[in-house]
Amino acid sequence: MRIFDPHIHMTSRTTGDYERMHAAGVRAVVEPAFWLGQPRTHVGSFLDYFDALLGWEPYRAAQHGIRHHCALALNPKEANDPRCAAVLAELPRYLLKDGVVAVGEVGYDSMTAEEERAFEAQLALAQENDLPVLVHTPHRDKTAGTRRTLDVVRAAGIPSGRVLVDHLNELTVGMVADSGCWMGFSIYPDTKMDPDRMVTLLKEYGTDRMLVNSAADWGRSDPLKTREVADVMLAAGFGEDDVDRVLWRNPVAFYGQSGRLDVETASEAGPDYAGNTIRRG
Ligand SMILES: [Zn+2]
């Protein structure tokens, strides 16, 4: 089984996680830029972080046989801080880089005017750079937030097939299915979707445009949730081809629109243990 986690924050995970992910079948990941917990106070903090997502993290992943790409953006939460918004001026030169396969995550957190400005500006940047977009939906008031998200996407004129709307649930999946956008589901240990509910949605909506991720970060989360969904799918009567479609071919098709996705040999890749000892300190 080959697994592509289309949304995971490896920056906050250990090398042991990479090992366990590889053993479970994960061969590729996309790491979107996000809020690190500690608020950033200047643009330079974003740039060092972007460089880590383009340099250090792919290097670390490769040592465990996992292909790593990233999505870059000003995240919704920090779009509210005027000290951070200036990173929008730096993004264009970063979006040209090879490892960047999307703009993201963008969207709403508290649905403020500042968030909306950053969201719209970054949808425009995605179009200028011919990149797909990963859109985060708010955890509070999710239905209204998702509806408004789809309005902004429509108004921006970006083709719906180039937009992934993430963190969906039973209440929001229908409107995103109708919009033509890709549907993302974050599977968490105790909130949002769990594997059984996910498989119920796959039965109801089919496997087309459906993406499953662990969204694992520094919070309570589990990078093996993608594998768990695959196992529950098989137990529920889905075939191996359905699993491969949802957990490999769909993310390849979505991020492949960037023209920069390099996963051709990743599904057979073993850990590259040549010189794998990362020196600390
Ligand atoms: Zn995230």
Side-chain angles (χ1 to χ4, degrees), residues 4-11 28-35 40 43-58 61 67-79 84-109 114-137 149-166 176 179-184 209 211 213 250-264:
F4 186 142
D5 192 332
H7 182 159
I8 186 166
H9 301 287
M10 292 310 298
T11 280
V29 298
V30 166
E31 176 157 6
F34 83 143
W35 180 57
R40 296 177 178 91
V43 170
S45 301
F46 284 91
L47 303 187
D48 287 339
Y49 173 62
F50 292 165
D51 287 333
L53 296 187
L54 287 159
W56 171 248
E57 215 49 61
R67 207 65 64 107
H68 180 291
H69 297 82
C70 67
L72 296 182
L74 168 61
N75 63 83
K77 202 176 180 80
E78 287 177 308
C84 298
V87 74
L88 291 176
E90 306 289 337
L91 264 176
R93 68 187 166 94
Y94 273 89
L95 295 180
L96 301 174
K97 295 182 190 268
D98 271 346
V100 182
V101 293
V103 172
E105 35 195 308
V106 296
Y108 289 116
D109 179 52
E114 289 78 9
E115 290 168 16
E116 190 159 296
R117 259 199 303 279
F119 185 13
E120 289 169 343
Q122 294 182 99
L123 287 173
L125 277 179
Q127 284 178 287
E128 284 159 28
N129 289 276
D130 224 1
L131 286 172
V133 192
L134 168 58
V135 184
H136 163 101
T137 52
T149 295
L150 292 173
D151 289 343
V152 170
V153 165
R154 219 169 286 123
I158 186 163
S160 54
R162 298 180 73 84
V163 179
L164 162 57
V165 184
D166 213 340
V176 181
S179 74
C181 295
W182 292 70
M183 293 158 273
R209 287 186 282 131
L211 294 174
N213 63 73
N250 280 357
V252 167
F254 178 73
Y255 289 117
Q257 297 181 90
S258 67
R260 296 182 189 153
L261 195 70
D262 172 24
V263 291
E264 226 135 82

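Note that the structure is a prediction, hence the values are computed from the model and not measured.
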From [X] atom [atom1] to [Y] atom [atom2], the distance as rounded to the nearest 0.5 Å:
X	Y	atom1	atom2	value
M183	D166	CE	CG	12.0 Å
L72	L131	CG	CG	9.5 Å
E57	H68	CD	NE2	5.0 Å
H69	F4	NE2	CZ	7.0 Å
R154	T149	CZ	OG1	10.5 Å

Using atom types as modelled, flag every donor-acceptor pair under 3.5 Å from a side chain in residues 96-106 to any protein atom, sequence neighbours excluded.
| unit_1 | atom_1 | unit_2 | atom_2 | d |
| --- | --- | --- | --- | --- |
| E105 | OE1 | H136 | ND1 | 3.3 |
| E105 | OE2 | H7 | NE2 | 3.0 |
| E105 | OE2 | H9 | NE2 | 3.1 |

Which heavy atom of [X] sits nearest a heavy atom of [Y], and at what distance?
X	Y	result
P159	Q127	CD-NE2, 4.5 Å
V43	A86	CG2-CB, 3.6 Å
F50	A73	CZ-O, 3.6 Å
P92	L125	CG-CD2, 3.8 Å
L211	P6	CB-CG, 4.3 Å
A79	A118	CB-CB, 3.7 Å

Backbone N/O of [Y] and side chain of [X]: donor-acceptor pair under 3.5 Å:
X	Y	value
Q257	F254	yes
R67	D262	yes
R162	V133	no

Side chain to side chain donor-acceptor pair (under 3.5 Å) against [X], all qualifying residues, sequence neighbours excluded:
X	value
N129	none
Y94	D51
E120	none
S179	none

Note, [X] side chain near [Y] side chain (heavy atom, < 4.5 Å):
X	Y	result
D109	W35	no
C84	L74	yes
L134	W182	no
V153	S160	no
Y49	R40	yes
E31	T11	yes

Self-check item: L95 vs Q122, side chain to side chain contact (heavy atoms under 4.5 Å, CB included): CA-CA, chis, key distance, verdict
Solution: CA-CA 11 Å; L95 295 180; Q122 294 182 99; over 6 Å; no
Quiz item: With sequence neighbours left out, what residues match F119 under ring pair (Phe, Tyr, Trp, His ring centres under 6.0 Å)?
Solution: Y108
